[in-house]
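Only one structure is covered here, and it is reproduced in the block below.
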Amino acid sequence: MNADLEMLYEKMVLIRLFEETLLKLFSLGHLRGTVHTCIGQEACAVGIVSALDSKRDTLCSNHRGHGHFLAFTDNTDGLLKEILGLKSGICGGKGGSQHLHVNNFYSNGILGGMVPIATGIALSQKLAEENGISVVFVGDGAMSEGVIYESLNMAALWKLPLLLVIEHNQIAQSTPWNLEHGSAIEGRPVAFGIPTETIDGNDVQTIYAATKKTVDDMRKNAHSRCLLLKTYRLGPHSKGDDYRSTTEISSHQMNDPLKRAETVLPEKVVMGIKTLCQTRINQMLESFSLI
Amino acid sequence: MSTYLQNLQNGLFELFSNNSRVILLGEDVLDPYGGAFKVTAGLSTQFPNRVLTTPISEAGITGVAIGLALRGYIPIVEIMFGDFLTLCADQIINHATKFPNMYRDVTCPLIMRSPMGGGRGYGPTHSQSLEKMFLGIPELKLIAPSHYHQPGQTIQHIATQEINPVIFIEHKLLYRETLQLNSEALPLILKTDETGYQTAILRNYDVGIPDVCLIGYGGISRFLPELLKKLAAEEIRIIALLPESIDPVPIEMLAHFAAEAGRIVIAEESTEGFTWASGIASQLYENLWGKLHCPIKMVTSARCAIPTAIQQEADVLISSLNIENAILEVISWA
Ligand SMILES: Cc1ncc(C[n+]2csc(CCOP(=O)(O)OP(=O)(O)O)c2C)c(N)n1
Ligand SMILES: [Mg+2]
């Protein structure tokens with residue numbers, strides 16, 4: 001179990017350091033446009049994605065997708081180049097932070113818009129009969145987009161291997177979730193006949209275990225499923241745009257998914273992993289002459 | 001001779017027989033109903049696993065088709081009425097056309113088929129020609145065969161040659177028309193133009209140069225057999241150009257033939273204002289500056305909702321008479 005946690009923790013640390021670096025590069029003027037970091041939500045990306053098979057499973061992601069991408073591909077260089085706008089980036093600099101693609105990974109900047117596409121990919125996987133699963137990440141805010149409900153209906157109707165992952169971080173840009181939703185989000189996939197499990201989204205091991213179980217089950221009986229991860233966005237929406245009180249944010253610091261893992265792992269292991277990841281990030285920055 | 005509808009049905013059959021990656025999705029497309037305009041009649045019986053009847057979710061099924069297209073299939077989506085394409089706009093514009101552009105090594109061979117046009121009393125939300133809403137979108141093609149084309153062959157060409165999204169427009173009033181062939185009264189040439197699609201070129205005269213060049217597409221063709229004969233009787237020589245690719249438009253070919261006449265009328269059924277015709281006209285002005293005998297005349301439907309009642313509908317939609325009057329007007333210029 002601890003071996004799993006070490007592997008999961010390492011991925012979370014790498015994502016955290018990568019994104020903290022992005023914010024630094026932004027403030028130094030090396031990046032333009034925008035970046036949405038998943039600081040505080042790394043367990044969602046890592047717990048879900050580590051349970052997938054990147055050869056046959058596909059991942060559709062959203063505006064807050066660096067964590068999903070790194071957990072799926074481990075390609076820090078390609079992603080940084082893309083965000084820096086270099087021709088050698090994974091999308092030649094056209095996509096930037098929100099529009100990423102390599103192999104089975106696709107992200108786009110239109111909230112909810114990837115859900116029908118993930119549903120179509122799930123249909124292709126069902127037709128191909130290779131037991132692949134189509135996973136799509138959305139936020140709580142995106143769950144008000146109508147096309148998601150059209151997709152859930154089709155996914156249920158056609159028994160497609162679609163896994164909808166809702167990262168419920170309780171906020172959408174500046175608006176708290178209770179000003180946007182008239183009912184509990186987790187009830188909605190259920191209304192379409194899609195079994196939905198609500199999980200502590202800051203506990204990476206629990207997410208990983210639940211995803212493994214769900215994915216195994218989906219490979220055996222083609223059926224759509226939903227996992228709702230209760231989490232919290234510790235960072236700003238994009239760069240510095242945060243109007244939440246510092247007391248609110250700091251009350252969630254103890255629940256930081258990295259800190260949660262650190263309470264379980266031996267200190268020596270934690271230090272080792274942190275050093276390893278920091279070295280990797282430093283080497284990357286050196287190779288770009290950014291430090 | 002077959003009708004436009006039969007030609008299209010046969011084309012889909014051939015396509016499905018020759019290419020197992022083609023999948024059709026749409027509302028009410030299964031037999032025995034076979035689609036609201038019967039374009040898919042018989043298809044689901046022959047290919048039950050590749051013709052999917054869908055929930056009434058136009059945006060959703062467009063997205064599903066895009067997912068299929070990204071993963072190696074060639075999806076054809078039937079949108080029951082072209083008016084409903086507005087519901088698909090986000091998936092087409094912000095997803096399907098963006099992927100091949102912003103991702104590396106990705107194609108998105110999505111085909112959206114839909115009937116457009118009025119004249120059947122379907123009223124304001126089932127009669128429009130909304131293709132102008134989708135013009136000028138990078139990586140998006142709009143193909144609208146007339147009844148001088150072979151729509152069944154065109155759809156096969158799209159499915160086998162195109163790697164990115166295409167909207168395929170079928171005018172409702174063409175379905176029952178018999179496809180027009182070359183005839184002595186109205187010589188027809190189908191020429192492959194610079195877009196790779198065919199432009200139908202019609203002349204209502206044997207020798208000499210044309211008085212007027214008439215440019216149109218899709219359903220406009222239904223007016224031409226009668227109108228061109230009538231004008232021939234009045235010794236008005238017309239060259240009519242009907243490109244089936246309306247975006248990109250074969251501007252070089254259009255300019256080449258339009259230059260012969262020096263007087264140009266462009267006709268389309270969409271409502272007046274920011275039209276296909278205005279886009280063509282501005283390009284022709286640039287190409288033919290100094291060679292035109294008079295301003296280009298554009299004919300469209302009136303800028304209003306299309307009424308259901310028969311006379312009211314006829315009053316606002318483009319008609320053969322509107323086109324004829326425009327032709328007479330450009331001739332009247334010295
Ligand atoms: C269709 C659409 N509407 C609005 C936006 C602008 N926007 C980007 S992120 C965001 C908030 C999204 O909230 P949520 O789905 O909860 O994801 P989170 O940012 O919390 O991860 C908004 C409104 C967008 N990108 N797409
Ligand atoms: Mg949110």
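We name chains A, B, ... by the order of the sequence lines, and we start the count at 1 in each one.
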Structural part of [X] lying under 4.5 Å from a heavy atom of chain B:
{"X": "A/Ile90", "answer": "backbone"}
{"X": "A/Ser134", "answer": "neither"}
{"X": "A/Leu157", "answer": "side chain"}
{"X": "A/Tyr149", "answer": "neither"}

How would you list, in number order, the residues of [range] that have a heavy atom less than 4.5 Å from chain A?
{"range": "residues 97-114 of chain B", "result": "B/Phe99, B/Asn101, B/Met102, B/Tyr103, B/Arg104, B/Val106"}
{"range": "residues 47-56 of chain B", "result": "B/Leu52, B/Thr53, B/Thr54, B/Pro55"}
{"range": "residues 120-145 of chain B", "result": "none"}

If I measure from the heavy atoms of chain A, does B/Ala59 come under 4.5 Å with its side chain, its backbone, both, or neither?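 For B/Ala59, heavy atoms of backbone and side chain both lie under 4.5 Å from chain A.
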
B/Asn94, part contacting chain A, at a heavy-atom distance under 4.5 Å: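 Its backbone and side chain both get close to chain A.
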
Would you call B/Lys38 and B/Asp28 a salt bridge, using N to O less than 4.0 angstrom?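 Here B/Lys38 does not pair with B/Asp28 in a salt bridge, since their nearest N and O are not under 4.0 Å apart.
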
Ion pair present between A/Arg219 and A/Asp216, side-chain N to carboxylate O less than 4.0 angstrom?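 Here A/Arg219 does not pair with A/Asp216 in a salt bridge, since their nearest N and O are not under 4.0 Å apart.
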
Aromatic centroids of B/Phe37 and B/Tyr4 separated by under 6.0 Å: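 Ring-ring flag for B/Tyr4/B/Phe37: false, centres at least 6.0 Å apart.
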
Which residues pass the ring-ring contact (aromatic ring centres under 6.0 Å, His included) test with A/His68, not counting sequence neighbours?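 Once residues adjacent in sequence are excluded, the partners of A/His68 under the ring-ring contact (aromatic ring centres under 6.0 Å, His included) criterion are A/Phe137.
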
With under 30° as parallel and over 60° as perpendicular, where do the rings of A/His63 and A/His237 fit, or are they tilted in between?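 It falls in the tilted class, 30° to 60°.
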
Report yes or no: does B/His95 contribute a side-chain atom to a donor-acceptor pair with the main-chain N or O of B/Asp90 at less than 3.5 Å?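 Indeed, once roles are kept as given, a pair shorter than 3.5 Å links the two residues.
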
